[in-house]
Amino acid sequence: KYKGLDFYVNSVTAANKLYGMPSNPIQGFCAQQWNTAQSNVLYGKATPQDALKQLQQTVTNELKQRFPNG
């Protein structure tokens with residue numbers, strides 16, 4: 001009924017490599033900071049570029065603080 005759907009359904013058993021997403025040990029913190037960045041843009045407190053630069057710096061610093069040895 002749906003052309004090509006059989007390929008998708010059968011791909012799980014036919015695949016020779018399966019990849020998962022890498023884990024994010026500070027996922028909750030990242031989500032909180034993402035929401036803050038969005039709010040700052042929506043309410044005119046930052047440009048999208050500035051908000052994302054700040055988000056990247058904040059998340060990078062938090063990751064280094066929590067896992068100083070990598």
Side-chain angles (χ1 to χ4, degrees):
K1 186 174 181 179
Y2 300 101
K3 189 175 180 177
L5 185 61
D6 57 336
F7 166 78
Y8 178 77
V9 172
N10 295 331
S11 67
V12 174
T13 58
N16 57 6
K17 291 184 181 179
L18 297 175
Y19 299 97
M21 288 185 62
S23 63
N24 181 353
I26 59 169
Q27 191 276 329
F29 181 81
C30 291
Q32 180 185 32
Q33 294 305 310
W34 172 252
N35 290 336
T36 300
Q38 284 183 314
S39 294
N40 287 343
V41 171
L42 289 172
Y43 294 112
K45 296 178 182 178
T47 65
Q49 294 85 358
D50 290 340
L52 289 177
K53 283 180 187 176
Q54 180 61 42
L55 172 67
Q56 182 65 60
Q57 188 63 48
T58 302
V59 169
T60 300
N61 290 343
E62 183 70 17
L63 191 59
K64 286 180 182 177
Q65 181 183 347
R66 289 192 193 186
F67 302 96
N69 297 324

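Residue numbers run from 1 in the order of the sequence given.
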Same cluster (ILVMFWY, side-chain, under 4.5 Å), Leu55 and Leu42: no
Qualifying residues under side chain to side chain donor-acceptor pair (under 3.5 Å), relative to Gln32, sequence neighbours excluded: none
Point-to-point distance, once rounded to the nearest 0.5 Å, from CG of Leu52 to CD of Gln38: 9.5 Å
Flag for Asn61-Thr58: side-chain donor and acceptor within less than 3.5 Å: no
Shortest non-hydrogen contact from Ala51 toward Ala37: CB-O, 3.9 Å
Residue that, paired with Leu63, satisfies side-chain contact (heavy atoms from CB on, under 4.5 Å) out of Pro25, Pro68, Cys30: Pro25
Joint cluster assignment, Val12 & Phe7, ILVMFWY side-chain distance < 4.5 Å: no
CD-CD distance between Gln33 and Glu62, expressed to the nearest 0.5 angstrom: 8.0 Å
Evaluation steps, side-chain contact (heavy atoms from CB on, under 4.5 Å), between Val59 and Trp34: CA-CA 10 Å; Val59 169; Trp34 172 252; over 6 Å; no
Contact list for residues 6-30, test side chain to side chain donor-acceptor pair (under 3.5 Å), sequence neighbours left out: none
Spacing of Lys53 atom NZ and Thr47 atom OG1 [to the nearest 0.5 Å]: 7.5 Å
